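Small disclaimer: the values here were computed from a predicted structure and weren't measured. These numbers come from the heavy atoms of this one structure, side chains and all, not from hydrogens, waters or symmetry mates.
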Amino acid sequence: MNKSLLTNLLSALTFMLGWTLHNNLIMMVGLFALSGALTNWLAVHMLFEKVPGLIGSGVIPARFEEFKMAIKTLMMEQFFTQENVDRFVSGGAAKSTLQLGPVIEKVDLSPSFDKLVEVIMHSSFGGMLAMLGGKEALMPLKDSFIASMKESFVEITEKESFHQLLQDEIDQPEVMADIRTKVAEIIDARLEELTPQLVKEMVQKMIKQHLGWLVVWGGVFGGAIGLVSAIIVL
């Protein structure tokens with residue numbers, strides 16, 4: 001239900017009822033209620049839409065760039081501060097979530113095996129290996145070599161010493177600064193996708209429902225003032 005429309009409609013009907021019945025009390029209540037509701041409705045409307053001749057209307061689309069900058073400032077100064085980033089990587093959060101096993105399993109280690117074969121063939125064992133079939137003699141070892149290498153890599157990355165080395169590298173000031181720079185670039189890229197219309201719709205969706213109560217209370221207080229005014233006149 002549109003609270004703004006309903007409030008304005010009830011205020012107008014109250015005013016018309018008082019006019020028809022020649023009842024000054026009812027008419028004043030309706031008139032002041034309509035005045036308060038319409039004024040607040042126009043104020044809410046002016047937040048999102050430009051009204052010709054009314055300076056300051058359409059403030060949200062007009063301040064589009066400031067709105068984007070405010071979002072970035074909020075993200076960088078409240079969430080991705082130097083202290084928060086440092087707390088994340090130094091507090092073990094990065095280490096506890098870093099599981100390289102699945103990544104290693106997907107890595108193709110065939111080039112490593114080929115490089116090993118090349119080194120062997122160029123070594124003093126190359127001539128002897130050539131008499132046994134050359135490179136082809138080593139090919140049956142490829143699968144077991146790759147499996148063993150992956151197992152070794154997983155074991156290395158799970159050791160505390162490896163995590164400590166990684167932590168020491170991450171803790172470098174230039175690394176911290178680079179993380180914040182990358183985050184800022186990501187935020188900038190996402191904000192560039194925003195348009196004034198999208199910002200207006202986003203903010204409108206978040207707060208317009210609640211701003212409708214301004215119209216309701218404008219009508220209520222306007223009607224109360226109208227009632228007091230009519231009583232005073234009487």
* Asked: Are there more than 12 heavy atoms of other residues, nucleotides or ligands under 6.0 Å from atom NZ of Lys50?
  -> yes

* Asked: Honestly curious: do Met46 and Trp41 fall in one hydrophobic cluster under the side-chain, below-4.5 Å linking rule?
  -> yes

* Without swapping roles, check the side chain of Ser11 against the backbone of Thr7 for a donor-acceptor pair under 3.5 Å. => yes

* List the steps, then state whether side chain to side chain contact (heavy atoms under 4.5 Å, CB included) holds for His45 with Val51. => CA-CA 9 Å; His45 181 74; Val51 180; 3.9 Å; yes

* Of all heavy-atom pairs between Val215 and Ala37, which one has the smallest distance, and what is that distance? -> CG1-O, 3.5 Å

* Gap between atom CE of Met27 and atom CG of Asn24 - 0.5 Å precision -> 4.5 Å

* Asked: How far apart are the closest heavy atoms of Phe32 and Ser229, and which atoms are they?
  -> CZ-OG, 4.1 Å

* Rounded to the nearest 0.5 Å, what separation is found between the CG atom of Leu214 and the OG1 atom of Thr39? -> 12.0 Å

* Dump the intermediate steps for side chain to side chain contact (heavy atoms under 4.5 Å, CB included) on Leu13 and Leu17, then the final yes or no. => CA-CA 6 Å; Leu13 289 176; Leu17 179 62; over 6 Å; no

* State yes or no: do Met16 and Leu10 share one hydrophobic cluster built from I, L, V, M, F, W and Y residues joined by side-chain heavy-atom distances below 4.5 Å, directly or via other members? => no

* To do: Can you measure from CD (Glu155) to NZ (Lys150) and round to the nearest 0.5 angstrom?
  => 15.0 Å

* Structure fact -> Rounded to the nearest 0.5 angstrom, the CD1-CZ distance for Ile26 and Phe15 is 12.5 Å

* Nearest heavy-atom neighbours spanning Ala230 and Leu25 -> CB-CD1, 3.4 Å

* Please check if Met69 and Val183 belong to a single hydrophobic cluster, counting links between Ile, Leu, Val, Met, Phe, Trp and Tyr side chain heavy atoms closer than 4.5 Å. => no

* Asked: If you measure from CG on Asp143 to OG on Ser110, what distance do you get to the nearest 0.5 Å?
  -> 8.5 Å

* Structure fact -> Interatomic distance, CG@Asn40 vs CZ@Phe221, rounded to 0.5 Å, equals 10.5 Å

* Asked: Can you get from Met28 to Ile232 by hopping between Ile, Leu, Val, Met, Phe, Trp and Tyr side chains that sit under 4.5 Å apart?
  -> no

